[in-house]
> 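Before anything else, here's the structure in question.
Just so we're clear, the structure is a prediction, and the values are computed from it rather than from any experiment.
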Amino acid sequence: MSRGGASGGSRGGGGGGMRTGMATFWRCNKAGAIPHFTQHLKTNPGDFNCWLFRGISYSIIGQNQNAVSDLQQAARVGNECEKLVANSFLQTNPADSFRMLKEATQKYPTDGTGWFWLAGSGNTPQAERIAARQKCIDLNYKYAHECHFHLGRMLASQGKHHEAIQRFQTSLGGNPDRTVCHIQLGFSLLKTGQIDKAKQHFEKATTLNPVLTDANLGLSKVYEQQGNHQEAHKHLRIWQASQDTRGQSTASGPPSSNPTPMQIPTSTAGGTTVLGRAQQSVIPVQTSVDQLGASLSEGLQMETRSDYMSVAKGPPHGKTTILGRYSASHGGPLNTYEKDLEHFNNFSSAGYLRTTPKNEMILYRWGGSEAGQYWTAEPHEGNEAFRQDAAIAPEWNDFTQSFSIVVPNGIELIEGLCAPQTVVTRGMITNSLLGRGCWQIFIPREVVKHLLSANKCKEKGDSKGWDEGIKKALKEQEKLRDKFVTELGEPPKVQWKQERKWF
(Lines give C-alpha, C1' and ligand atoms only; values in the text may rest on other atoms or scores of the structure.)
Protein backbone atom coordinates (compact mmCIF):
# COMPACT_ATOMS: atom_id res chain seq x y z
CA MET A 1 0.00 0.00 0.00
CA SER A 2 1.69 3.19 -1.15
CA ARG A 3 1.77 6.13 1.20
CA GLY A 4 3.42 8.41 -1.34
CA GLY A 5 4.43 11.60 0.44
CA ALA A 6 2.58 10.53 3.56
CA SER A 7 3.45 11.87 6.96
CA GLY A 8 1.95 10.85 10.27
CA GLY A 9 2.42 11.70 13.93
CA SER A 10 4.42 9.92 16.58
CA ARG A 11 2.83 9.66 19.98
CA GLY A 12 6.22 9.67 21.62
CA GLY A 13 7.74 12.28 19.32
CA GLY A 14 11.14 12.10 17.70
CA GLY A 15 14.38 10.96 19.27
CA GLY A 16 15.48 7.47 20.03
CA GLY A 17 18.05 5.45 21.89
CA MET A 18 17.94 3.05 24.80
CA ARG A 19 16.76 5.61 27.35
CA THR A 20 13.81 6.69 25.22
CA GLY A 21 13.04 3.08 24.36
CA MET A 22 12.94 2.02 27.99
CA ALA A 23 10.84 5.05 28.96
CA THR A 24 8.36 4.12 26.24
CA PHE A 25 8.45 0.47 27.32
CA TRP A 26 7.62 1.35 30.92
CA ARG A 27 4.69 3.44 29.71
CA CYS A 28 3.22 0.17 28.41
CA ASN A 29 3.81 1.15 24.80
CA LYS A 30 5.92 -1.82 23.73
CA ALA A 31 5.40 -1.33 19.99
CA GLY A 32 6.41 2.31 20.31
CA ALA A 33 9.62 1.30 22.11
CA ILE A 34 10.86 -0.92 19.27
CA PRO A 35 12.02 1.85 16.87
CA HIS A 36 14.04 3.46 19.67
CA PHE A 37 15.69 0.16 20.57
CA THR A 38 16.43 -0.38 16.88
CA GLN A 39 18.03 3.03 16.57
CA HIS A 40 20.20 2.36 19.62
CA LEU A 41 21.37 -1.02 18.32
CA LYS A 42 22.71 0.55 15.13
CA THR A 43 25.50 2.16 17.14
CA ASN A 44 25.49 -0.23 20.13
CA PRO A 45 25.17 -3.73 18.66
CA GLY A 46 26.62 -5.33 21.79
CA ASP A 47 23.98 -4.01 24.21
CA PHE A 48 22.50 -7.11 25.85
CA ASN A 49 19.59 -5.36 27.53
CA CYS A 50 18.56 -3.61 24.32
CA TRP A 51 18.38 -6.93 22.44
CA LEU A 52 16.55 -8.49 25.37
CA PHE A 53 13.92 -5.78 25.79
CA ARG A 54 13.37 -5.42 22.06
CA GLY A 55 12.80 -9.17 21.93
CA ILE A 56 10.34 -8.91 24.79
CA SER A 57 8.55 -6.05 23.02
CA TYR A 58 8.30 -8.07 19.81
CA SER A 59 6.86 -10.98 21.75
CA ILE A 60 4.21 -8.80 23.38
CA ILE A 61 2.94 -7.51 20.03
CA GLY A 62 2.91 -11.02 18.57
CA GLN A 63 5.99 -10.90 16.33
CA ASN A 64 7.40 -14.14 17.67
CA GLN A 65 10.05 -14.80 15.06
CA ASN A 66 11.59 -11.39 15.67
CA ALA A 67 11.37 -12.02 19.40
CA VAL A 68 13.25 -15.31 19.17
CA SER A 69 15.88 -13.78 16.90
CA ASP A 70 16.51 -10.92 19.33
CA LEU A 71 16.68 -13.19 22.37
CA GLN A 72 19.17 -15.43 20.57
CA GLN A 73 21.27 -12.36 19.74
CA ALA A 74 21.07 -11.26 23.38
CA ALA A 75 22.51 -14.64 24.34
CA ARG A 76 25.37 -14.14 21.87
CA VAL A 77 26.41 -10.67 23.06
CA GLY A 78 25.81 -11.05 26.81
CA ASN A 79 28.24 -12.08 29.53
CA GLU A 80 28.05 -15.59 30.97
CA CYS A 81 25.24 -14.73 33.39
CA GLU A 82 23.30 -12.87 30.72
CA LYS A 83 23.70 -15.79 28.30
CA LEU A 84 21.98 -18.09 30.79
CA VAL A 85 19.17 -15.58 31.29
CA ALA A 86 18.58 -15.04 27.56
CA ASN A 87 18.65 -18.77 26.84
CA SER A 88 16.22 -19.42 29.69
CA PHE A 89 13.59 -17.51 27.72
CA LEU A 90 14.02 -19.83 24.73
CA GLN A 91 13.35 -23.07 26.58
CA THR A 92 10.18 -24.99 25.76
CA ASN A 93 10.10 -26.62 29.19
CA PRO A 94 9.40 -24.17 32.05
CA ALA A 95 11.43 -26.35 34.40
CA ASP A 96 14.49 -25.96 32.16
CA SER A 97 13.97 -22.22 32.10
CA PHE A 98 13.81 -22.10 35.90
CA ARG A 99 16.91 -24.30 36.21
CA MET A 100 18.94 -21.96 34.01
CA LEU A 101 17.87 -18.91 36.01
CA LYS A 102 18.85 -20.66 39.25
CA GLU A 103 22.19 -21.55 37.69
CA ALA A 104 22.74 -17.90 36.78
CA THR A 105 22.25 -16.79 40.39
CA GLN A 106 24.39 -19.59 41.84
CA LYS A 107 27.34 -19.14 39.47
CA TYR A 108 27.20 -15.35 39.34
CA PRO A 109 25.69 -14.21 42.67
CA THR A 110 26.95 -10.64 42.33
CA ASP A 111 25.29 -10.09 38.93
CA GLY A 112 21.78 -8.70 39.44
CA THR A 113 20.60 -9.92 36.02
CA GLY A 114 20.03 -13.49 37.20
CA TRP A 115 18.30 -12.44 40.40
CA PHE A 116 16.05 -9.99 38.57
CA TRP A 117 14.72 -12.52 36.08
CA LEU A 118 14.54 -15.32 38.65
CA ALA A 119 12.20 -13.05 40.61
CA GLY A 120 10.07 -12.76 37.48
CA SER A 121 9.72 -16.46 36.86
CA GLY A 122 6.35 -18.02 37.61
CA ASN A 123 8.20 -21.16 38.67
CA THR A 124 9.95 -19.35 41.52
CA PRO A 125 8.27 -19.87 44.93
CA GLN A 126 6.96 -16.64 46.41
CA ALA A 127 9.38 -16.52 49.32
CA GLU A 128 12.33 -17.06 46.96
CA ARG A 129 10.92 -14.44 44.58
CA ILE A 130 10.78 -11.87 47.38
CA ALA A 131 14.34 -12.72 48.40
CA ALA A 132 15.53 -12.40 44.79
CA ARG A 133 13.99 -8.94 44.48
CA GLN A 134 15.61 -7.84 47.72
CA LYS A 135 18.93 -9.19 46.42
CA CYS A 136 18.57 -7.01 43.30
CA ILE A 137 17.98 -4.01 45.53
CA ASP A 138 21.00 -4.84 47.70
CA LEU A 139 23.16 -5.18 44.58
CA ASN A 140 21.83 -1.84 43.32
CA TYR A 141 20.90 -3.53 40.05
CA LYS A 142 19.97 -1.12 37.26
CA TYR A 143 16.31 -2.23 37.35
CA ALA A 144 16.03 -2.36 41.13
CA HIS A 145 13.22 0.19 40.85
CA GLU A 146 11.11 -2.56 39.29
CA CYS A 147 11.73 -4.78 42.31
CA HIS A 148 10.45 -2.03 44.60
CA PHE A 149 7.34 -1.83 42.40
CA HIS A 150 6.57 -5.53 42.75
CA LEU A 151 7.23 -5.57 46.47
CA GLY A 152 4.82 -2.64 46.70
CA ARG A 153 2.17 -4.60 44.82
CA MET A 154 2.59 -7.50 47.21
CA LEU A 155 2.26 -5.23 50.24
CA ALA A 156 -0.81 -3.54 48.77
CA SER A 157 -2.44 -6.94 48.19
CA GLN A 158 -1.91 -7.64 51.90
CA GLY A 159 -3.56 -4.36 52.86
CA LYS A 160 -0.25 -2.84 54.00
CA HIS A 161 -0.76 0.37 52.05
CA HIS A 162 1.55 2.64 54.02
CA GLU A 163 4.47 0.28 53.39
CA ALA A 164 3.34 -0.18 49.78
CA ILE A 165 3.36 3.59 49.26
CA GLN A 166 7.01 3.77 50.31
CA ARG A 167 7.92 1.04 47.81
CA PHE A 168 5.97 2.66 44.97
CA GLN A 169 7.53 6.05 45.67
CA THR A 170 11.02 4.52 45.66
CA SER A 171 10.23 2.79 42.38
CA LEU A 172 9.08 6.02 40.76
CA GLY A 173 12.20 7.75 42.04
CA GLY A 174 14.20 5.43 39.80
CA ASN A 175 11.68 5.22 36.98
CA PRO A 176 9.16 8.10 36.80
CA ASP A 177 7.74 6.72 33.53
CA ARG A 178 6.37 3.53 35.16
CA THR A 179 2.73 4.26 34.35
CA VAL A 180 1.20 1.37 36.27
CA CYS A 181 3.23 2.28 39.34
CA HIS A 182 1.55 5.70 39.35
CA ILE A 183 -1.82 3.92 39.16
CA GLN A 184 -1.02 1.46 41.94
CA LEU A 185 0.36 4.25 44.12
CA GLY A 186 -2.80 6.24 43.49
CA PHE A 187 -5.00 3.42 44.78
CA SER A 188 -2.86 2.94 47.90
CA LEU A 189 -2.98 6.68 48.57
CA LEU A 190 -6.76 6.52 48.26
CA LYS A 191 -6.86 3.69 50.77
CA THR A 192 -4.95 5.86 53.25
CA GLY A 193 -7.14 8.93 52.70
CA GLN A 194 -4.56 10.94 50.74
CA ILE A 195 -7.00 11.99 48.04
CA ASP A 196 -5.14 14.97 46.56
CA LYS A 197 -1.90 13.02 46.19
CA ALA A 198 -3.80 10.10 44.66
CA LYS A 199 -5.33 12.43 42.10
CA GLN A 200 -1.89 13.71 41.09
CA HIS A 201 -0.65 10.20 40.33
CA PHE A 202 -3.78 9.17 38.43
CA GLU A 203 -3.49 12.31 36.31
CA LYS A 204 0.20 11.62 35.71
CA ALA A 205 -0.69 8.11 34.53
CA THR A 206 -3.22 9.45 32.02
CA THR A 207 -0.54 11.82 30.71
CA LEU A 208 2.02 9.04 30.31
CA ASN A 209 -0.42 6.65 28.64
CA PRO A 210 -4.09 7.66 28.23
CA VAL A 211 -4.93 4.15 27.02
CA LEU A 212 -4.52 2.76 30.55
CA THR A 213 -7.99 3.70 31.73
CA ASP A 214 -7.59 2.19 35.20
CA ALA A 215 -6.31 5.66 36.02
CA ASN A 216 -9.75 6.94 35.04
CA LEU A 217 -11.30 4.51 37.50
CA GLY A 218 -9.06 6.01 40.16
CA LEU A 219 -10.04 9.52 39.17
CA SER A 220 -13.71 8.60 39.36
CA LYS A 221 -13.16 7.49 42.97
CA VAL A 222 -11.27 10.71 43.73
CA TYR A 223 -14.00 12.97 42.33
CA GLU A 224 -16.71 10.93 44.04
CA GLN A 225 -15.03 11.49 47.40
CA GLN A 226 -14.67 15.18 46.59
CA GLY A 227 -18.37 15.42 45.78
CA ASN A 228 -17.85 16.21 42.10
CA HIS A 229 -20.30 13.64 40.77
CA GLN A 230 -20.27 14.93 37.19
CA GLU A 231 -16.50 14.42 36.81
CA ALA A 232 -16.71 11.12 38.69
CA HIS A 233 -19.33 9.86 36.25
CA LYS A 234 -17.32 11.02 33.23
CA HIS A 235 -14.20 9.11 34.25
CA LEU A 236 -16.19 6.08 35.29
CA ARG A 237 -17.79 5.94 31.83
CA ILE A 238 -14.35 6.03 30.18
CA TRP A 239 -13.21 3.14 32.34
CA GLN A 240 -16.42 1.15 31.82
CA ALA A 241 -16.18 1.55 28.05
CA SER A 242 -12.72 0.05 28.13
CA GLN A 243 -13.94 -2.97 30.08
CA ASP A 244 -16.26 -3.88 27.21
CA THR A 245 -13.24 -4.28 24.95
CA ARG A 246 -10.68 -5.88 27.24
CA GLY A 247 -12.31 -7.68 30.17
CA GLN A 248 -11.60 -7.07 33.85
CA SER A 249 -9.09 -4.53 35.13
CA THR A 250 -5.88 -5.60 36.77
CA ALA A 251 -5.22 -2.35 38.55
CA SER A 252 -8.66 -1.34 39.84
CA GLY A 253 -7.47 -2.07 43.33
CA PRO A 254 -4.68 -3.86 45.17
CA PRO A 255 -3.62 -6.91 43.15
CA SER A 256 -4.46 -10.33 44.46
CA SER A 257 -4.25 -13.39 42.26
CA ASN A 258 -3.50 -11.48 39.06
CA PRO A 259 -0.14 -12.46 37.53
CA THR A 260 2.52 -9.88 38.21
CA PRO A 261 4.48 -8.28 35.41
CA MET A 262 7.95 -9.69 34.79
CA GLN A 263 6.62 -13.12 35.70
CA ILE A 264 6.64 -16.17 33.47
CA PRO A 265 3.51 -18.30 34.12
CA THR A 266 4.14 -21.94 34.91
CA SER A 267 1.56 -23.16 32.42
CA THR A 268 2.45 -23.64 28.77
CA ALA A 269 1.05 -21.02 26.41
CA GLY A 270 0.51 -23.43 23.54
CA GLY A 271 0.02 -22.11 20.03
CA THR A 272 -1.30 -18.60 20.55
CA THR A 273 0.57 -15.34 20.51
CA VAL A 274 0.78 -13.05 23.50
CA LEU A 275 -2.04 -11.00 22.06
CA GLY A 276 -4.29 -14.04 21.93
CA ARG A 277 -4.55 -14.06 18.14
CA ALA A 278 -4.35 -17.43 16.41
CA GLN A 279 -0.87 -17.90 15.01
CA GLN A 280 -0.59 -21.03 12.91
CA SER A 281 3.15 -20.66 12.43
CA VAL A 282 4.06 -20.64 16.13
CA ILE A 283 6.76 -23.24 16.79
CA PRO A 284 7.45 -24.89 20.18
CA VAL A 285 10.64 -22.92 20.87
CA GLN A 286 8.55 -19.73 20.97
CA THR A 287 6.28 -20.96 23.73
CA SER A 288 8.28 -19.53 26.63
CA VAL A 289 8.73 -16.29 24.71
CA ASP A 290 4.94 -16.02 24.49
CA GLN A 291 4.69 -16.69 28.22
CA LEU A 292 7.26 -14.01 28.95
CA GLY A 293 5.56 -11.43 26.78
CA ALA A 294 2.12 -12.24 28.13
CA SER A 295 3.27 -11.60 31.66
CA LEU A 296 5.64 -8.68 31.17
CA SER A 297 2.92 -6.13 30.55
CA GLU A 298 0.83 -5.84 33.70
CA GLY A 299 -2.49 -7.05 32.48
CA LEU A 300 -1.50 -7.05 28.83
CA GLN A 301 -5.09 -6.15 28.01
CA MET A 302 -4.36 -2.68 29.40
CA GLU A 303 -2.05 -2.02 26.49
CA THR A 304 -3.44 -4.21 23.74
CA ARG A 305 -7.11 -3.36 23.86
CA SER A 306 -7.99 -2.14 20.38
CA ASP A 307 -6.89 1.25 19.15
CA TYR A 308 -10.59 2.05 19.45
CA MET A 309 -10.14 3.74 22.83
CA SER A 310 -7.57 6.18 21.44
CA VAL A 311 -9.84 7.15 18.56
CA ALA A 312 -12.93 7.26 20.77
CA LYS A 313 -11.29 9.86 22.99
CA GLY A 314 -10.84 12.15 20.01
CA PRO A 315 -7.77 13.92 18.61
CA PRO A 316 -4.96 13.87 21.20
CA HIS A 317 -3.87 17.40 20.24
CA GLY A 318 -7.28 18.89 21.12
CA LYS A 319 -7.14 21.44 18.30
CA THR A 320 -10.12 20.25 16.25
CA THR A 321 -13.87 19.74 16.61
CA ILE A 322 -15.31 16.33 15.70
CA LEU A 323 -17.89 16.42 12.88
CA GLY A 324 -18.33 12.70 12.34
CA ARG A 325 -17.05 9.27 13.38
CA TYR A 326 -16.68 6.40 10.95
CA SER A 327 -16.19 2.73 11.59
CA ALA A 328 -14.03 0.12 9.93
CA SER A 329 -17.06 -1.51 8.32
CA HIS A 330 -17.56 1.22 5.70
CA GLY A 331 -15.33 3.75 4.04
CA GLY A 332 -17.25 6.86 5.05
CA PRO A 333 -15.97 9.97 3.25
CA LEU A 334 -12.68 8.21 2.46
CA ASN A 335 -14.67 5.86 0.23
CA THR A 336 -15.23 8.71 -2.19
CA TYR A 337 -11.60 9.82 -2.50
CA GLU A 338 -10.13 6.59 -3.87
CA LYS A 339 -12.23 3.72 -5.21
CA ASP A 340 -9.61 1.19 -4.11
CA LEU A 341 -9.90 2.49 -0.52
CA GLU A 342 -6.17 3.22 -0.44
CA HIS A 343 -6.59 6.03 2.06
CA PHE A 344 -9.15 4.16 4.13
CA ASN A 345 -6.69 1.29 4.55
CA ASN A 346 -4.02 3.71 5.72
CA PHE A 347 -6.02 4.19 8.93
CA SER A 348 -6.23 1.61 11.70
CA SER A 349 -9.26 -0.63 12.07
CA ALA A 350 -10.36 1.53 15.01
CA GLY A 351 -11.96 3.87 12.47
CA TYR A 352 -11.34 7.57 11.97
CA LEU A 353 -12.78 11.02 12.61
CA ARG A 354 -13.94 13.86 10.36
CA THR A 355 -12.97 17.13 12.04
CA THR A 356 -12.38 20.84 11.49
CA PRO A 357 -9.94 23.18 13.28
CA LYS A 358 -11.38 25.09 16.23
CA ASN A 359 -9.20 28.01 15.18
CA GLU A 360 -6.46 28.41 12.61
CA MET A 361 -4.02 25.55 13.18
CA ILE A 362 -0.65 24.63 11.72
CA LEU A 363 -0.09 21.18 10.22
CA TYR A 364 3.30 19.63 9.50
CA ARG A 365 4.78 17.02 7.16
CA TRP A 366 8.03 15.55 5.89
CA GLY A 367 8.55 14.72 2.23
CA GLY A 368 9.93 15.71 -1.11
CA SER A 369 6.90 17.88 -1.86
CA GLU A 370 4.62 20.16 0.14
CA ALA A 371 1.63 19.00 -1.89
CA GLY A 372 1.13 15.80 0.11
CA GLN A 373 -2.10 14.61 1.69
CA TYR A 374 -0.85 13.29 5.08
CA TRP A 375 0.06 15.71 7.86
CA THR A 376 0.54 15.87 11.63
CA ALA A 377 -0.68 18.35 14.24
CA GLU A 378 2.76 18.53 15.83
CA PRO A 379 6.24 18.90 14.28
CA HIS A 380 8.48 15.81 14.30
CA GLU A 381 12.05 14.95 13.46
CA GLY A 382 12.44 13.23 10.11
CA ASN A 383 14.36 10.29 11.57
CA GLU A 384 14.06 6.51 11.55
CA ALA A 385 12.02 6.41 14.77
CA PHE A 386 9.40 8.69 13.24
CA ARG A 387 9.45 6.71 9.99
CA GLN A 388 8.65 3.53 11.92
CA ASP A 389 5.97 5.17 14.08
CA ALA A 390 4.30 6.72 11.04
CA ALA A 391 4.68 3.55 8.90
CA ILE A 392 6.32 5.40 6.01
CA ALA A 393 8.75 3.40 3.89
CA PRO A 394 11.75 5.14 2.26
CA GLU A 395 10.38 3.97 -1.09
CA TRP A 396 7.36 6.21 -0.59
CA ASN A 397 8.90 9.26 1.05
CA ASP A 398 12.54 10.32 1.28
CA PHE A 399 11.98 12.81 4.14
CA THR A 400 14.18 15.36 2.38
CA GLN A 401 12.26 18.47 3.53
CA SER A 402 9.84 19.59 6.22
CA PHE A 403 6.76 21.70 5.47
CA SER A 404 3.99 23.43 7.39
CA ILE A 405 0.61 24.78 6.38
CA VAL A 406 -2.03 26.94 8.09
CA VAL A 407 -5.55 25.48 8.00
CA PRO A 408 -8.57 27.60 9.07
CA ASN A 409 -11.85 26.59 10.66
CA GLY A 410 -14.27 25.13 8.10
CA ILE A 411 -11.71 23.00 6.27
CA GLU A 412 -12.52 19.37 6.98
CA LEU A 413 -9.81 16.95 8.05
CA ILE A 414 -9.71 13.17 8.39
CA GLU A 415 -7.89 12.08 11.56
CA GLY A 416 -6.99 8.80 13.18
CA LEU A 417 -4.29 6.27 13.96
CA CYS A 418 -2.25 5.09 11.01
CA ALA A 419 -2.37 1.41 10.10
CA PRO A 420 0.68 -0.86 9.90
CA GLN A 421 2.05 -1.03 6.37
CA THR A 422 3.99 -3.51 4.27
CA VAL A 423 6.25 -2.93 1.27
CA VAL A 424 5.73 -5.43 -1.54
CA THR A 425 8.42 -5.80 -4.20
CA ARG A 426 7.79 -8.21 -7.07
CA GLY A 427 5.14 -9.99 -5.08
CA MET A 428 7.32 -10.38 -1.95
CA ILE A 429 6.97 -8.49 1.34
CA THR A 430 10.31 -6.71 1.76
CA ASN A 431 9.54 -4.41 4.69
CA SER A 432 7.03 -4.11 7.52
CA LEU A 433 6.31 -0.95 9.50
CA LEU A 434 4.35 -1.04 12.75
CA GLY A 435 2.84 2.43 12.62
CA ARG A 436 1.65 2.21 16.23
CA GLY A 437 0.91 5.33 18.25
CA CYS A 438 0.88 7.53 15.15
CA TRP A 439 -1.93 10.10 14.87
CA GLN A 440 -2.20 11.31 11.28
CA ILE A 441 -4.30 13.88 9.43
CA PHE A 442 -5.44 13.44 5.84
CA ILE A 443 -6.56 16.26 3.49
CA PRO A 444 -7.62 15.46 -0.11
CA ARG A 445 -5.09 16.56 -2.70
CA GLU A 446 -7.64 18.80 -4.42
CA VAL A 447 -8.11 20.76 -1.19
CA VAL A 448 -4.41 20.85 -0.33
CA LYS A 449 -3.66 22.52 -3.65
CA HIS A 450 -5.80 25.55 -2.82
CA LEU A 451 -4.63 25.67 0.80
CA LEU A 452 -1.04 25.91 -0.35
CA SER A 453 -1.95 28.74 -2.72
CA ALA A 454 -3.76 30.57 0.09
CA ASN A 455 -0.80 30.10 2.44
CA LYS A 456 1.62 31.65 -0.03
CA CYS A 457 -0.63 34.70 -0.17
CA LYS A 458 -0.78 34.81 3.61
CA GLU A 459 3.02 34.79 3.83
CA LYS A 460 3.09 37.85 1.54
CA GLY A 461 0.47 39.67 3.58
CA ASP A 462 -2.09 39.32 0.78
CA SER A 463 -5.30 38.89 2.78
CA LYS A 464 -7.48 39.01 -0.33
CA GLY A 465 -5.49 36.20 -1.95
CA TRP A 466 -5.77 34.20 1.29
CA ASP A 467 -9.54 34.59 1.35
CA GLU A 468 -9.88 33.60 -2.31
CA GLY A 469 -7.66 30.56 -1.84
CA ILE A 470 -9.68 29.37 1.15
CA LYS A 471 -12.94 29.87 -0.76
CA LYS A 472 -11.60 27.65 -3.55
CA ALA A 473 -10.54 25.03 -1.02
CA LEU A 474 -14.01 25.06 0.56
CA LYS A 475 -15.65 24.82 -2.85
CA GLU A 476 -13.49 21.81 -3.74
CA GLN A 477 -14.31 20.31 -0.37
CA GLU A 478 -18.02 20.75 -1.04
CA LYS A 479 -17.72 18.84 -4.31
CA LEU A 480 -16.17 15.92 -2.47
CA ARG A 481 -18.80 16.11 0.26
CA ASP A 482 -21.64 16.12 -2.30
CA LYS A 483 -20.12 13.02 -3.83
CA PHE A 484 -19.88 11.40 -0.40
CA VAL A 485 -23.52 12.11 0.48
CA THR A 486 -24.75 11.06 -2.98
CA GLU A 487 -22.90 7.78 -3.09
CA LEU A 488 -23.03 6.65 0.55
CA GLY A 489 -25.38 8.91 2.43
CA GLU A 490 -24.36 10.58 5.69
CA PRO A 491 -23.96 7.91 8.39
CA PRO A 492 -26.61 8.06 11.13
CA LYS A 493 -25.84 10.30 14.06
CA VAL A 494 -25.29 7.59 16.64
CA GLN A 495 -23.19 7.47 19.76
CA TRP A 496 -19.66 6.11 19.42
CA LYS A 497 -20.47 3.31 21.85
CA GLN A 498 -23.24 2.11 19.53
CA GLU A 499 -20.85 2.24 16.57
CA ARG A 500 -18.43 -0.01 18.38
CA LYS A 501 -20.25 -3.10 17.15
CA TRP A 502 -18.74 -2.38 13.74
CA PHE A 503 -15.21 -2.95 14.87
> What residue pairs, at least two apart or across chains, pass ring pair (Phe, Tyr, Trp, His ring centres under 6.0 Å) with a residue in residues 60-85?
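Checked against ring pair (Phe, Tyr, Trp, His ring centres under 6.0 Å) - neighbours excluded - no pair reaches residues 60-85.
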> Does the S97 side chain pair with the main chain of N93, one donor and one acceptor, at a distance under 3.5 Å?
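No; zero donor-acceptor contacts below 3.5 Å.
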> Using a strict threshold of under 4.0 Å (side-chain N to carboxylate O), is an ion pair present between E231 and K234?
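E231 and K234: salt-bridged.
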> Verify the ring-centre separation between H145 and W26: is it less than 6.0 angstrom?
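Yes, they do, as the ring centres are separated by less than 6.0 Å.
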> Could you check, using the six-membered ring where one of them is a Trp, whether F53 and Y143 have ring centers closer than 6.0 angstrom?
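Yes, the ring of F53 comes within the 6.0 Å limit of the ring of Y143, centre to centre.
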> Assess, by modelled atom type and distance only, whether the side chains of Q440 and W375 contain a donor and an acceptor separated by less than 3.5 Å.
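There is no such pair (donor and acceptor under 3.5 Å, judged by atom type) between the side chains of Q440 and W375.
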> Just jot down the ring pair (Phe, Tyr, Trp, His ring centres under 6.0 Å) partners of Y223, sequence neighbours excluded, or say none.
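Ring pair (Phe, Tyr, Trp, His ring centres under 6.0 Å) check on Y223 returns H235.
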> Without hydrogens or angle criteria, can the side chains of S171 and E146 be said to hold a donor-acceptor pair below 3.5 Å?
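Their side chains do not contain a donor-acceptor pair, so the 3.5 Å distance test is not met.
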> Looking at R76 and E82, does any basic side-chain N land under 4.0 Å from a carboxylate oxygen?
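Answer for the salt bridge query: no.
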> Go through the side-chain N and O atoms of H161 and Q194 and say whether any donor and acceptor fall under 3.5 Å apart.
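No, because no side-chain N or O of H161 sits under 3.5 Å from a partner of the opposite role on Q194.
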> Is there a side chain to side chain contact (heavy atoms under 4.5 Å, CB included) between Q226 and D196? Walk through the geometry before answering.
CA-CA 10 Å; Q226 293 179 337; D196 291 338; 3.5 Å; yes
> Aromatic ring centroids of F202 and F187 under 6.0 Å?
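For F202 and F187, the ring centres are under 6.0 Å apart.
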